[in-house]
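Contents: one structure, followed by commentary.
A quick note: this is a predicted structure, and the numbers were derived from the prediction, not measured.
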Amino acid sequence: MDSRSHTHVTAALRLCLHALLAGLLALVVVRAVSEGAADTAAVVAVTLLTAALYAAGAARSSSVQPKGSVQPKAPARPRTSVQPGTRAGAWWLGGLWVLWAALLVLSPDALWVAFPLYFLQLHFLPMRWALPAVVVTAAAAITSFVVHRQEIEPGAFIGPLIGAAVAVATVLGYDALFRESERRRELIVELVATRADLAEAERTAGTLAERERLAREIHDTLAQGLSSIQLLLRAAERSLPENAPATPHVRAAREAAQANLAEARSFVRALTPPDLEHGSLAAALERLCARTTAPELTVRFAVSGTPVELPTPYEVALLRTAQSALANTVRHAEARRAEITLSFMDTSVALDVVDDGRGFDPSGAPVHERGTGGDGGFGLPAMRARAGSLGGALSVESAPGQGTAVALTLPLPDTEAERAA
């Protein structure tokens with residue numbers, strides 16, 4: 001139920017309440033006039049006063065909504081407005097009750113006005129005061145019947161009590177239904193916002209994946225090709241006689257290849273993951289652990305050995321593998337603790353991601369289990385392919401109920417060869 005439907009429903013209920021009270025007051029006047037009672041003038045006067053007071057309060061009250069409901073924001077109203085929960089509303093309701101009590105003394109037919117009064121009391125008073133007020137109103141109606149009819153009948157007690165019970169049940173039930181509808185509306189709003197966030201996250205992940213792919217392609221094809229051309233032209237330049245006519249052209253071609261190689265490498269640096277743009281790989285992994293959140297999950301990061309500078313493809317592979325493994329831990333492992341360790345050794349660098357989750361069978365895992373498919377390339381085959389492209393190896397150790405350990409090992413590149421490339 002949205003706020004508009006709530007407004008329509010409460011407007012209809014308000015009109016029904018107005019009509020019920022007006023009809024019952026009219027019934028009191030008609031019965032008094034038709035029976036020619038001695039106090040007919042007093043009955044008419046008190047009835048008109050009651051109707052006038054009710055009309056004045058109804059005009060000052062802007063809406064009739066159950067207490068506890070989420071009301072839309074509105075401009076501030078004067079403190080004298082007859083609103084639920086306000087002192088003015090309580091005084092107005094008290095005045096109505098006093099006039100009704102006077103009308104009870106004058107006419108036995110006034111006891112029927114107790115039914116709309118039940119709803120007004122439940123609406124305008126806090127529940128801790130509304131329930132006693134309903135009980136007092138029912139008792140006054142029963143007393144009036146007994147005094148005027150001079151007899152005690154079961155109906156005299158059952159009617160007002162049943163009316164009070166129905167009023168309480170109706171108001172409480174409507175209140176509960178409205179709160180439930182509000183919770184559902186808020187949930188729908190949250191779901192819509194979450195869907196938008198997920199869509200934005202997917203677009204961001206796709207953009208980052210494409211940037212990484214382009215960087216890898218440029219590094220593995222254009223940059224390597226230009227580096228080879230530069231080395232070959234340098235060798236050709238050295239083998240030519242100093243005054244050979246082709247020497248200037250070979251030198252110009254080598255310089256052009258060198259300039260384009262520098263441009264290609266700048267593109268590769270520009271397309272690297274943002275986490276690696278402002279700091280080392282260790283700092284990026286530490287930030288990854290800090291921002292990974294899941295219920296009851298603690299993620300820690302440690303560095304072993306002496307850190308060395310790694311080529312960009314190595315850092316990208318290690319960071320992406322950590323992201324993929326940690327994402328699988330959050331989504332599937334139900335773990336309480338996860339640890340990422342970056343180890344620098346003499347001839348290799350290793351990344352270990354270990355969790356104490358529910359584990360799985362690596363040899364018999366379904367295609368879509370543990371993120372091995374349908375997750376945008378964040379699965380085990382993608383990690384193995386990334387490791388294999390750099391001459392490394394990926395191992396996965398896990399068993400149901402025994403946690404999971406993912407280890408990526410990459411051989412350290414030859415520094416001189418890397419500089420030449």
Once you round to the nearest 0.5 Å, how far does [atom1] of [X] lie from [atom2] of [Y]?
X: Thr47; Y: Leu99; atom1: OG1; atom2: CG; answer: 9.5 Å
X: Ile229; Y: Arg234; atom1: CD1; atom2: CZ; answer: 14.0 Å
X: Trp112; Y: Leu24; atom1: CH2; atom2: CG; answer: 9.5 Å
X: Leu390; Y: Leu318; atom1: CG; atom2: CG; answer: 8.5 Å
X: Thr298; Y: Asp356; atom1: OG1; atom2: CG; answer: 9.5 Å
X: Leu342; Y: Asp352; atom1: CG; atom2: CG; answer: 9.0 Å

Please determine whether a side-chain nitrogen of the Lys or Arg among Arg185 and Glu182 lies less than 4.0 Å from a carboxylate oxygen of the Asp or Glu. yes
Would you call Glu339 and Arg300 a salt bridge, taking side-chain N to carboxylate O under 4.0 Å as the test? no
Check whether any side-chain heavy atom of [X] lies under 4.5 Å from a side-chain heavy atom of [Y], and answer yes or no.
X: Leu297; Y: Arg337; answer: no
X: Trp97; Y: Gln121; answer: yes
X: Met127; Y: Leu122; answer: yes
X: Val396; Y: Arg384; answer: yes
X: Leu410; Y: Leu408; answer: yes

Please find the pair of heavy atoms, one from [X] and one from [Y], that lie closest to each other, and give the distance.
X: Val303; Y: Pro307; result: CG1-CG, 4.1 Å
X: Ala350; Y: Thr409; result: CB-OG1, 4.1 Å
X: Leu233; Y: Ala253; result: CD1-C, 3.4 Å
X: Leu104; Y: Ala110; result: CD2-C, 3.7 Å
X: Gly359; Y: Ser398; result: CA-OG, 3.4 Å
X: Thr306; Y: Phe344; result: O-CB, 3.2 Å

Counterpart residues, side-chain hydrogen bond (donor to acceptor under 3.5 Å, both in side chains), relative to Glu180 (two or more places apart): Arg183, Arg184
Summary of side chain to side chain donor-acceptor pair (under 3.5 Å) pairs that have at least one residue in residues 245-255, sequence neighbours excluded: Glu237-Arg251, Glu237-Arg254
Please assess Leu103 against Leu25 for the test side-chain contact (heavy atoms from CB on, under 4.5 Å), listing each intermediate value before the final yes or no. CA-CA 10 Å; Leu103 199 58; Leu25 291 177; 4.2 Å; yes
Looking at [Y], is its backbone amide N or carbonyl O close enough to the side chain of [X] to form a donor-acceptor pair, meaning the two atoms are under 3.5 Å apart?
X: Thr341; Y: Ala302; value: no
X: Tyr314; Y: Val349; value: no
X: Arg320; Y: Arg386; value: no
X: Trp92; Y: Ala56; value: no

Passes side-chain contact (heavy atoms from CB on, under 4.5 Å), Leu412 versus Leu310? Steps please. CA-CA 8 Å; Leu412 288 176; Leu310 297 173; 3.6 Å; yes
Taking the ring centre of each residue, are Tyr54 and His18 less than 6.0 Å apart? yes
For Tyr118 and Phe115, take the angle between the two ring planes, folded into 0 to 90°, and tell me which bin it lands in: parallel under 30, tilted 30 to 60, perpendicular over 60. perpendicular
Would you please test Met383 and Asn328 for side-chain contact (heavy atoms from CB on, under 4.5 Å) and show each step? CA-CA 12 Å; Met383 290 188 242; Asn328 285 340; 4.0 Å; yes
So, Thr50 and Trp100: side-chain donor and acceptor under 3.5 Å apart, yes or no? no
Checking Leu288 against Leu326 for the side-chain contact (heavy atoms from CB on, under 4.5 Å) test, could you report, in this order, the C-alpha distance in whole Å, the side-chain angles of both residues, the deciding distance, and whether it holds? CA-CA 9 Å; Leu288 173 64; Leu326 201 55; 4.0 Å; yes
